[in-house]
**Student:** 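Quick one: structure below, then a few questions.
Quick note on labels: first sequence line is chain A, next is B, and so on, each numbered from 1. Predicted, not measured: the structure shown is a model, and the values here were computed from it. In what follows, every heavy atom counts, from backbone to side chain, and hydrogens, waters and symmetry copies are set aside.
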There are 2 protein chains.
Amino acid sequence: MDLEEAKLQFIQAWGKLGSEWGINRTMAQVHALLLITPEPISTEEIMEQLSISRGNANMTIRDLINWGLVEKQLKPGERKEYFYADKNTWNIARQVARERRKRELEPVIKVLNELTKVDGDSKDPAYKTFHKTVKDINKLAANVDKLFVTVLNAEESWFWGSIFKIFK
Amino acid sequence: MDLEEAKLQFIQAWGKLGSEWGINRTMAQVHALLLITPEPISTEEIMEQLSISRGNANMTIRDLINWGLVEKQLKPGERKEYFYADKNTWNIARQVARERRKRELEPVIKVLNELTKVDGDSKDPAYKTFHKTVKDINKLAANVDKLFVTVLNAEESWFWGSIFKIFK
DNA sequence: TTAAACTTTCAGTAATTATTGAAAATATAT
DNA sequence: ATATATTTTCAATAATTACTGAAAGTTTAA
């Protein structure tokens with residue numbers, strides 16, 4: 001396999017994984033492209049390489065910037081904007097964890113907290129089951145949330161080192 | 001808020017979270033309904049409670065069974081099938097981890113392993129960046145995979161206990 | 001067997017989500 | 001000011017994904 005084919009496969013694989021985990025496929029693909037591109041590139045180049053429209057490229061790049069995964073670079077004397085992705089995988093993981101926690105996990109935990117408080121007849125199996133399930137899921141979600149926070153604040157080698165010291 | 005409203009909210013919240021993380025919304029909702037229902041219920045009841053068609057209910061239930069989250073129960077002397085969800089949240093987490101690992105993580109790790117082997121000119125920045133990125137992501141993915149396996153084999157209290165002993 | 005009770009399938013349709021492309025907006029240079 | 005380069009927006013459209021409902025299939029009982 002040559003480099004060009006390998007690049008395409010990487011972009012495809014990353015896009016597929018993204019879409020399976022609720023991230024827009026194009027967004028994952030643009031990110032993948034930037035990850036394997038040494039220098040900042042322009043919207044034009046992204047459009048060409050992935051065969052997507054200007055509108056799509058523009059919106060996707062904005063999203064990636066909002067996710068903190070890509071940054072804009074301006075070349076002196078040039079009007080055009082160039083884009084560059086942080087290539088440190090631990091930063092990427094952290095950034096994704098941070099955003100998904102904020103956007104998706106926190107809201108659901110908030111709802112679960114409210115639902116935990118709902119009162120009812122403790123003799124009623126329907127109430128008992130509801131209450132226990134919500135409480136248990138809430139607890140699990142809170143633990144996952146804590147784990148996310150830990151990831152956010154940890155250094156990569158320290159994190160995995162500590163994890164696999166116990167779970168060998 | 002009364003119990004009925006709380007149930008609806010729970011089903012909604014769980015469905016939303018599911019869809020944000022790449023799980024069919026209806027599947028997450030049926031699962032949520034079964035999670036808060038003390039006794040096994042029939043397809044009819046699921047159809048009614050969630051206002052979905054028989055076909056949708058049937059396919060969704062099969063999926064949940066394939067994911068190992070729901071089991072079929074037969075009542076003696078009755079022809080109808082009833083469905084029941086395991087309510088142990090740790091089992092649920094484990095089961096989801098097991099399936100997603102198998103369906104989504106393993107395939108991508110396989111591709112990444114192949115791409116790591118692609119050879120090229122070590123003077124070429126395009127190749128260097130590609131190779132390093134793929135290698136790094138591969139390593140991260142392998143660690144996430146290992147973490148999944150650990151979850152799969154661990155007891156809940158032991159797992160969280162060990163985690164938060166280090167990451168206090 | 002036949003019929004009744006129930007489950008499964010899947011072509012057609014609906015709903016959702018993603019993308020295009022051209023017009024509007026913005027920024028810079030002359 | 002005007003022209004030019006570039007980015008942004010968003011209504012229209014396309015692509016994808018999910019759902020329905022009725023027909024076909026299966027199982028059990030009489």
**Student:** Round to a whole Å and report the spacing from CG of B/N56 to C1' of C/dA15.
**Tutor:**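 After rounding, the reported distance stands at 12 Å.
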**Student:** Figure out the CZ/C1' separation between B/R62 and C/dC10, and round it to whole Å.
**Tutor:**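 Spelled out: CZ on B/R62 to C1' on C/dC10 is 16 Å.
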**Student:** Check whether B/Y84 forms a cation-pi arrangement with B/K87 (NZ or CZ under 6.0 Å from the six-membered ring centre, at most 45° off the ring normal).
**Tutor:**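 Cation-pi check for B/K87 and B/Y84: passes.
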**Student:** Mind checking whether A/I163 and A/W158 sit in one hydrophobic cluster, side chains of I, L, V, M, F, W, Y counted as touching below 4.5 Å?
**Tutor:**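 A/I163 clusters together with A/W158.
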**Student:** What is the separation between atom NZ on B/K16 and atom P on C/dT16, rounded to the nearest whole Å?
**Tutor:**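 Taking atom P of C/dT16 as the reference, NZ of B/K16 is at 15 Å.
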**Student:** Would you indicate, yes or no, if D/dC19 has its OP1 or OP2 atom less than 4.0 angstrom from a side-chain nitrogen or oxygen of B/N24?
**Tutor:**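 Result: yes.
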**Student:** How long is the gap from CZ on B/F164 to NZ on A/K146, to the nearest 0.5 Å?
**Tutor:**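 One gets 4.5 Å once the value is rounded to the nearest 0.5 Å.
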**Student:** Classify every nucleotide of nucleotides 24-30 of chain C by which part a protein heavy atom approaches to under 4.0 Å, writing B for the base, S for the sugar-phosphate alone and - for neither, in 5'-to-3' order.
**Tutor:** ---BB--
**Student:** State whether B/K16 and B/E20 are salt-bridged, where the test is any N-O pair (Lys NZ or Arg NE/NH1/NH2 against Asp/Glu carboxylate O) under 4.0 Å.
**Tutor:**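 Salt bridge flag = yes for B/E20 with B/K16.
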**Student:** Tell me: CD1 of B/I61 to C1' of C/dT7, nearest whole Å?
**Tutor:**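 Result: 10 Å.
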**Student:** Mind calculating the distance between NZ (A/K75) and C1' (D/dA5) to the nearest angstrom?
**Tutor:**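 Rounded to whole Å, this separation is 16 Å.
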**Student:** Taking the side chain of B/S53 as heavy atoms from C-beta outward, which of C/dG21, C/dT7, D/dT20 is closest to it?
**Tutor:**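 Of the candidates, D/dT20 comes closest.
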**Student:** Distance check, rounded to the nearest 0.5 Å: A/M1 atom CE versus B/K117 atom NZ?
**Tutor:**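 Atom-to-atom, A/M1:CE and B/K117:NZ are 9.5 Å apart.
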**Student:** Rounded to whole angstrom units, what separation is found between the CG atom of B/D63 and the C1' atom of C/dT9?
**Tutor:**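 Going from CG in B/D63 over to C1' in C/dT9 covers 14 Å.
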**Student:** Quickly work out the B/K80 NZ to D/dT28 P distance and round it to whole Å.
**Tutor:**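 Atom-to-atom, B/K80 to D/dT28, this comes out as 16 Å.
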**Student:** May I ask you to decide if the ring planes of B/F159 and B/W90 are parallel, tilted or perpendicular, using 30° and 60° as cut-offs?
**Tutor:**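 Tilted, since the angle between the ring planes falls between 30° and 60°.
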**Student:** Counting only side-chain N and O atoms of B/R54, is one of them less than 4.0 Å from OP1 or OP2 of D/dA22?
**Tutor:**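 No, because none of the side-chain N or O atoms of B/R54 sits under 4.0 Å from OP1 or OP2 of D/dA22.
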**Student:** Measure from CE on A/M59 to P on C/dG21 and round the result to the nearest Å.
**Tutor:**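 About 13 Å, once rounded to whole Å.
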**Student:** Pull out every residue in residues 32-52 of chain B that has a heavy atom closer than 4.0 Å to any atom of DNA chain D, ordered by number, or say none.
**Tutor:**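 Residues of residues 32-52 of chain B under 4.0 Å from DNA chain D: B/S51, B/I52.
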**Student:** Just how far is it from atom OH of A/Y82 to atom CD of A/E39, taken to the nearest 0.5 Å?
**Tutor:**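 These two atoms lie 11.0 Å from each other.
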**Student:** Is B/M27 reachable from B/M59 through a run of hydrophobic residues whose side-chain heavy atoms are each under 4.5 Å from the next?
**Tutor:**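 They do not share one cluster, since no chain of ILVMFWY contacts under 4.5 Å joins B/M59 to B/M27.
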**Student:** Return the 5'-most residue of the pair A/N58, B/T26 with respect to DNA chain D, ranking by each residue's nearest nucleotide.
**Tutor:**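 The residue mapped nearer the 5' terminus is A/N58.
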**Student:** Against A/L17, only a single residue in B/V111, B/I109, B/V108 fulfils side-chain contact (heavy atoms from CB on, under 4.5 Å); can you say which?
**Tutor:**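 Result for side-chain contact (heavy atoms from CB on, under 4.5 Å) with A/L17: B/V108.
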